[in-house]
Amino acid sequence: YFRTMEKVLSGIRPTGYLHLGNYFGAVKNFLALQDNHECFFFVANLHALTTHPDPLSLSSSVKSVLAEYLACGLDPEKSTIYIQSDVPEISELYTLLNSLAYKGELEKCTSFKEKIRKHEENINAGLLTYPVLMAADILIHRAHKVPVGKDQEQHLEMTRNFAVRFNHRYGVDFFPEPQAFNFSQQLVKVPGLDGSGKMGKSEAEGNALFLRESNESIINKIKKAKTAPSPTEPNSVKPIEIENLFMLMGLVSSKETIQYFEDKYNDCSIQYGPLKMQLAEDIVKFALPIKEKIVDLEKNTDLLGKIAKLGAEKARESANETIKGVKNLMGLKSIWL
Ligand code: TYM
């Protein structure tokens, strides 16, 4: 039975603290999947190298993402939880897949184009082949479902291309075609507080709300969030800034609360001050229990170490099976050993 269960895999880069975008775009789905799927969740520290992080802050970020995973409710008894660099088979598969990925398709990748636009001074090979490493992450366990936010959709499409290409070249259905997954059927993009785009770790100060953020800071950031003029016509279309605030409410507030403010918007009696106060209160309420657990877990280095070790062992077992199969198919089975 276990063997036929669909496999789930996802990861988060340790480039800072987890924010509401990471939670509602990804982690919330991890939690719902771990009860009835074979799940692999990891901290993507190799992926973080493309932006040249300071080594000390990278290793402390790995610890904090691990603690945040657990605080959100990832359960090492149900899921395999590991650090990417503890599973060298991933890097091996990355090498093996590299020759199946073409320069043209890698250069066309939106995340690559965005990175070179933002960081002209650091266009390294790791950035270009980022989608190959991500495909290796997913294919190493032959995963079926990949819970991610909307921004990862194209990476999943590339992973499917590499999987199909491999299967075709070696004449077997070795890799399944993994699908981006969200329980609500649609992939999510959580907006930031600056009125445009998405919530992100590296966006402008004040754009993201972190799970471990203090209550005062949550309230302050929401107070400062961009708004727009109040509506003057009943039932008018919401400007993007206001739509964003309602989207955030949709994640943390009750149906009645949302309806109350929708009605006020539609009859033009809305005031954004009270709406923001309510939103801030609901976010504080949502984040508080998670925040408390993060603080406790981070102190417990022994426990984090045990969980990472167990996770790496389980992940390597699964990864080894795939690597063996891939090497056999590619003609790399050792004749001498
Ligand atoms: P990363 O670390 O940027 O983000 C982690 C997860 O959070 C989601 N996310 C969002 N979802 C909705 N709204 C937002 N504003 C928002 N911001 C972030 C991301 O979609 C992602 O699911 N390349 C990946 C990490 C990765 C990975 C993998 C994921 C490496 N290998 C294999 C899945 C499978 C990344 O940079 O995500």
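Ligands are counted one by one from 1 in listed order, and the atoms in each one are counted from 1 as well.
- In terms of protein heavy atoms, atom 29 (C) of ligand 1 is closest to Gly11 O, 3.4 Å.
- Among residues two or more places apart in sequence or in another chain, the side chain to side chain contact (heavy atoms under 4.5 Å, CB included) test is passed with Asp296 by Lys299.
- The protein atom (non-hydrogen) at minimum distance from atom 19 (C) of ligand 1 is Asp151 OD1, 3.4 Å.
- Partner of Gln84 under the side chain to side chain contact (heavy atoms under 4.5 Å, CB included) criterion, out of Asp137, Val43, Val62: Asp137 alone.
- A salt bridge links Lys150 to Glu153: at least one charged side-chain nitrogen sits closer than 4.0 Å to a carboxylate oxygen.
- A side chain to side chain contact (heavy atoms under 4.5 Å, CB included) with Glu68 is found for one member of Leu297, Leu18, Ile12, Val27 and no other, namely Leu18.
- Under a 4.0 Å criterion applied to the non-hydrogen atoms of Leu9, ligand 1 contributes the atoms 32 (C), 34 (C).
- Under 4.0 angstrom from ligand 1, the non-hydrogen atoms of Arg13 come from both its backbone and its side chain.
- In summary, the atoms of ligand 1 found under 4.0 Å from a heavy atom of Phe42, numbered by their order in the structure, are 28 (C), 31 (N), 32 (C).
- Ligand 1 places these atoms under 4.0 Å from at least one heavy atom of Ile138: 32 (C), 34 (C).
- The shortest contact between atom 11 (N) of ligand 1 and any protein heavy atom is with Gly21 O, 3.2 Å.
- Taking a cutoff of 4.0 Å between a charged side-chain nitrogen and a carboxylate oxygen, Glu89 and Arg316 qualify as a salt bridge.
- In this structure, Glu105 pairs ionically with Arg165, as a charged nitrogen and a carboxylate oxygen lie closer than 4.0 Å.
- Under the 4.5 Å side-chain criterion, counting only non-hydrogen atoms from C-beta, Phe261 is not in contact with Leu279.
- Counting protein heavy atoms only, atom 4 (O) of ligand 1 is closest to Asn22 ND2, 3.4 Å.
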Tyr130/His155 under side-chain contact (heavy atoms from CB on, under 4.5 Å): CA gap, chis, key distance, verdict: CA-CA 9 Å; Tyr130 188 105; His155 288 149; 3.9 Å; yes

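- At the top of the distance list for atom 31 (N) of ligand 1, counting protein heavy atoms only, stands Asp137 OD2, 2.6 Å.
- Under a 4.0 Å criterion applied to the non-hydrogen atoms of Ala26, ligand 1 contributes the atoms 6 (C), 7 (O), 22 (O).
- Residue contacts with ligand 1: Met199 is placed with a nitrogen or oxygen under 3.5 Å of a nitrogen or oxygen of the ligand (distance criterion only).
- Under the 4.0 Å criterion applied to side-chain N and carboxylate O atoms, Asp35 and Lys78 are assigned as salt-bridge partners.
- Near His47, meaning under 4.0 Å from one of its heavy atoms, ligand 1 places the atoms 30 (C), 31 (N).
- Among the candidates Tyr69, Phe286, Phe210, the single residue satisfying the ring pair (Phe, Tyr, Trp, His ring centres under 6.0 Å) test with Tyr23 is Phe286.
- No part of Phe41 comes within 4.0 Å of ligand 1, judged by heavy-atom distances.
- Ligand 1 has no atom lying under 4.0 Å from any heavy atom of Gly200.
- Across Gly16 and Val65, no two heavy atoms sit closer than the pair O-CG2, 4.1 Å.
- Under a 4.0 Å heavy-atom criterion, His19 is in contact with ligand 1.
- Atoms of ligand 1 lying under 4.0 Å from any heavy atom of Gly25, numbered from 1 in the order shown and given with element: 11 (N), 12 (C).
- At a heavy-atom cutoff of 4.0 Å, ligand 1 is contacted by no atom of Leu133, backbone or side chain.
- Gln154 approaches Ser111 most closely through the heavy-atom pair OE1-N, 4.3 Å.
- Near Lys189, meaning under 4.0 Å from one of its heavy atoms, ligand 1 places the atoms 12 (C), 13 (N).
- Close contacts between ligand 1 and Lys201 involve ligand atoms 2 (O) [criterion: under 4.0 Å to a heavy atom].
- Residue-to-ligand polar distances keep Val146 apart from ligand 1: every N/O pair is separated by 3.5 Å or more.
- Regarding atom 23 (N) of ligand 1, its nearest protein heavy-atom neighbour is Tyr130 OH, 2.7 Å.
- Of all protein heavy atoms, the one lying nearest to atom 35 (C) of ligand 1 is Gln152 NE2, 3.5 Å.
- In summary, Lys293 and Glu298 do not engage in a salt bridge, as defined by a charged side-chain N under 4.0 Å from a carboxylate O.
- In terms of polar-atom proximity, defined here as any N/O pair under 3.5 Å, Gly149 does make such a contact with ligand 1.
- Using a cutoff of 4.0 Å between basic side-chain nitrogens and carboxylate oxygens, Lys221 and Glu213 are scored as salt-bridged.
- Considering only non-hydrogen protein atoms, atom 12 (C) of ligand 1 sits nearest to Val188 O, 3.2 Å.
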